[in-house]
Amino acid sequence: MSTVFALVDCNNFYASCERVFAPSLQGKPIVVLSNNDGCVIARSAEAKAAGVPMGAPAFKCRDLFARRGVTVFSSNYALYGDMSARVMSVLTRMAPRLEVYSIDEAFLDLTGLPGGADAHARHIKETVGRWTGIPVSVGIGPTKTLAKLANRAAKKRPACGGVLDFSALPDPEALLESVPVADVWGIGRRHGEKLAKYGVANALQFRDLPQVFVRRHMTVQGVHTLLELRGFSCIDLEKAPPPPRTLMSSRSFGKAVTTLEPLSEAVADYIARAAARLRAKRLVAGGLEVYVRTYADASGRPPSSDIAAAAPQSPTAHTATLIALAQAALAGIFRPGQRYKKAGVILTGLEPESGRQLSLLDPEPANAARDARLMATLDAINAKWGRDTLRCAAQGASVTGQSWAMRQNMRSPRYTTDWAELPVVTAG
DNA sequence: TCTGGGGTCCTAGGACCC
DNA sequence: TCTGGGGTCCTAGGACCC
């Protein structure tokens with residue numbers, strides 16, 4: 001029997017998370033901004049109706065926000081991550097196989113469920129809503145790509161109550177014809193532009209292209225998308241995601257940085273964050289990259305980027321070792337007089353820490369055990385008392401006072417992950 | 001004043017080896 | 001008077017996703 005895929009996607013996820021804890025905003029327009037309060041990354045249905053564009057720079061929307069009474073939130077990833085875990089935990093109980101695809105989406109295997117996929121999907125939608133407060137839509141299809149398309153249609157057609165099964169459509173080709181080709185999962189804007197030159201505007205036209213044409217212009221991944229649109233499943237559910245190959249931490253600054261010292265501090269801070277995530281996944285890094293990016297300057301010269309790589313003597317998750325390497329790399333690419341907008345670090349060459357401890361050919365440095373104990377202690381203290389309780393001096397003295405800190409002026413409380421910010425329920 | 005952050009995969013091309 | 005064939009590894013760049 002062929003697989004029945006479902007895609008469960010949270011509606012306007014970040015905006016919905018904010019509204020769970022601010023019920024007075026139900027039915028009101030709200031938006032969530034990216035880091036640095038830069039651009040709009042989530043909108044409630046009412047904000048969409050008010051004409052707030054996705055991805056719009058926040059400073060260009062101030063008038064519209066004021067005129068239409070839009071409530072604005074800085075992004076609060078601690079809250080969204082926790083709400084996501086709650087949604088996924090409910091979904092885990094409701095399907096035999098599940099792949100968490102992103103913070104707000106999961107693919108489910110609904111093959112052979114009693115009562116049929118559609119009824120089960122409606123039960124899932126209702127349960128997630130009741131237990132978490134987050135509204136979801138469910139798309140069902142014989143391939144992941146078609147389940148994605150069905151989900152998109154479920155959101156656009158109020159009549160279907162948030163659930164749509166591609167296989168049950170009376171006229172599936174009409175749906176394919178209504179979808180711009182660039183909106184198909186795996187095609188994207190650039191390929192969409194190229195396809196338009198060949199007269200391919202929608203998903204139906206793409207589906208009927210010759211396979212060799214697609215292979216030539218879009219590699220094997222394009223062929224997978226083509227076959228999936230035709231109903232042949234090529235992209236399976238991934239139950240246990242493979243370990244990450246890289247870990248990245250980067251931020252834009254609140255304002256331009258022009259000297260090495262604050263840049264160095266920021267890089268140390270990003271390393272500390274990335275290294276903590278590395279240890280949480282029981283991995284070590286065999287290398288790292290540091291990059292910086294400048295503003296476009298007044299004369300119209302475009303922004304420029306510089307990148308430098310470094311590697312420890314042996315793979316490690318020791319924060320101080322990685323910071324020293326990253327700062328030395330940074331010093332090599334820093335140029336006085338530049339106005340820097342952003343910096344980032346990427347940890348590369350990741351491998352399991354356990355593999356290393358068993359290696360006889362490549363003995364650990366003498367102080368590796370001591371380093372590991374120090375990091376374990378640091379992680380335990382920060383887990384108990386908050387992420388920035390124990391820090392390296394290189395990260396700068398204060399958590400909030402750095403000249404490079406990002407802007408975040410409208411963040412909601414960390415309702416679910418910080419004791420000091422629990423919501424208060426008032427009787428009466 | 002001036003648009004986020006964190007990932008993956010595929011391919012082409014060069015270095016190097018036999 | 002003019003440079004094989006085949007393989008591996010690495011990197012850069014381009015595309016995609018959320």
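All chains are named by letter (A, B, ...) in the order of the sequence lines, taking the proteins before the strands, and each is independently numbered beginning at 1. This is a predicted model, so every value here is computed, not measured.
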| Does A/Thr348 use its side chain to pair, donor to acceptor, with the backbone of A/Gly287 at less than 3.5 Å? | yes

May I ask you to check whether [X] and [Y] show a side-chain donor-acceptor distance below 3.5 Å?
X: A/Ser305; Y: A/Arg293; value: yes
X: A/Glu46; Y: A/Ser44; value: yes
X: A/Arg97; Y: A/Thr111; value: no

Using a cut-off of 4.0 Å on non-hydrogen atoms, how would the nucleic acid contact of [X] be classed: base, sugar-phosphate, or nothing?
X: A/Arg277; value: sugar-phosphate
X: A/Tyr77; value: base
X: A/Arg273; value: nothing
X: A/Val345; value: nothing

Applying salt bridge (charged side-chain N to carboxylate O under 4.0 Å, His left out), which residue pairs with at least one partner in [range] are found, sequence neighbours left out?
range: residues 124-134 of chain A; value: A/Glu126-A/Arg130
range: residues 63-73 of chain A; value: none
range: residues 320-331 of chain A; value: none
range: residues 302-327 of chain A; value: A/Asp306-A/Arg335

| Test salt bridge (charged side-chain N to carboxylate O under 4.0 Å, His left out) applied to A/Arg251 - qualifying residues, sequence neighbours left out | none

| said: Quick check for you: among B/dC2, C/dC18, B/dG4, whose closest atom lies nearest to any side-chain atom of A/Asn35? | reply: B/dG4

| request: From the options C/dC18, B/dG6, B/dT3, select the nucleotide whose nearest atom is closest to the side chain of A/Cys39. | output: B/dT3

| remark: Of A/Asn36 and A/Phe59, the one whose closest nucleotide on DNA chain B sits nearer the 5' end is A/Phe59

| request: Return yes when atom NZ of A/Lys255 has more than 12 non-hydrogen atoms of other residues, nucleotides or ligands closer than 6.0 Å, and no otherwise. | output: no

| task | May I ask you to list the residues of residues 232-263 of chain A, by number, that have any heavy atom positioned under 4.0 Å from an atom of DNA chain B? | result | A/Pro244, A/Arg245, A/Thr246, A/Leu247, A/Met248, A/Ser249, A/Ser250, A/Arg251, A/Ser252

What are the atom names and distances for every N/O pair under 3.5 Å that joins the protein to nucleotides 7-15 of chain C?
unit_1	atom_1	unit_2	atom_2	d
C/dA15	O3'	A/His191	ND1	3.4

| request: Write down the distance separating the C1' atoms in C/dG4 and B/dC16, rounded off to the nearest Å. | output: 16 Å

Can you measure [X] atom [atom1] to [N] atom [atom2] for me and round it to whole angstrom units?
X: A/Lys155; N: C/dC18; atom1: NZ; atom2: P; value: 11 Å
X: A/Leu33; N: B/dG4; atom1: CG; atom2: P; value: 12 Å
X: A/Tyr80; N: B/dG4; atom1: OH; atom2: C1'; value: 13 Å
X: A/Ile41; N: C/dC17; atom1: CD1; atom2: P; value: 18 Å
X: A/Asn11; N: C/dC18; atom1: CG; atom2: C1'; value: 16 Å
X: A/His224; N: C/dC16; atom1: NE2; atom2: C1'; value: 14 Å
X: A/Leu149; N: C/dC17; atom1: CG; atom2: P; value: 12 Å
X: A/Lys342; N: B/dG4; atom1: NZ; atom2: P; value: 7 Å

| request: Sequence neighbours left out, what passes ring-ring contact (aromatic ring centres under 6.0 Å, His included) with A/His217? Give chain and number order. | output: A/Tyr198, A/Phe213

| Taking only residues two or more places apart in sequence, or in another chain, which ones meet A/Tyr77 in a ring-ring contact (aromatic ring centres under 6.0 Å, His included)? | A/Tyr14, A/Tyr80

| request: Rounding to 10 degrees, work out the angle separating the end axes of the helix from B/dG5-C/dC18 to B/dC18-C/dG5 (five pairs an end). | output: 10°

| message | Expected output is a numbered-order residue list: members of residues 196-214 of chain A with a heavy atom under 4.0 Å from any atom of DNA chain C. What is it? | response | none

| query | Under 4.0 Å between a side-chain N or O of A/Tyr101 and OP1 or OP2 of C/dC18? | reply | no

| message | Just N and O in the side chain of A/Lys148: are any of them under 4.0 Å from OP1 or OP2 of C/dC17? | response | no

| task | Applying side-chain contact (heavy atoms from CB on, under 4.5 Å) between A/Leu164 and each of A/Asn151, A/Leu149, A/Leu169, report the one that passes. | result | A/Leu169

| remark: For residues 258-296 of chain A, the ring-ring contact (aromatic ring centres under 6.0 Å, His included) pairs (sequence neighbours left out) are none

| query | Do A/Phe5 and A/Trp185 have their ring centres less than 6.0 Å from each other? | reply | no

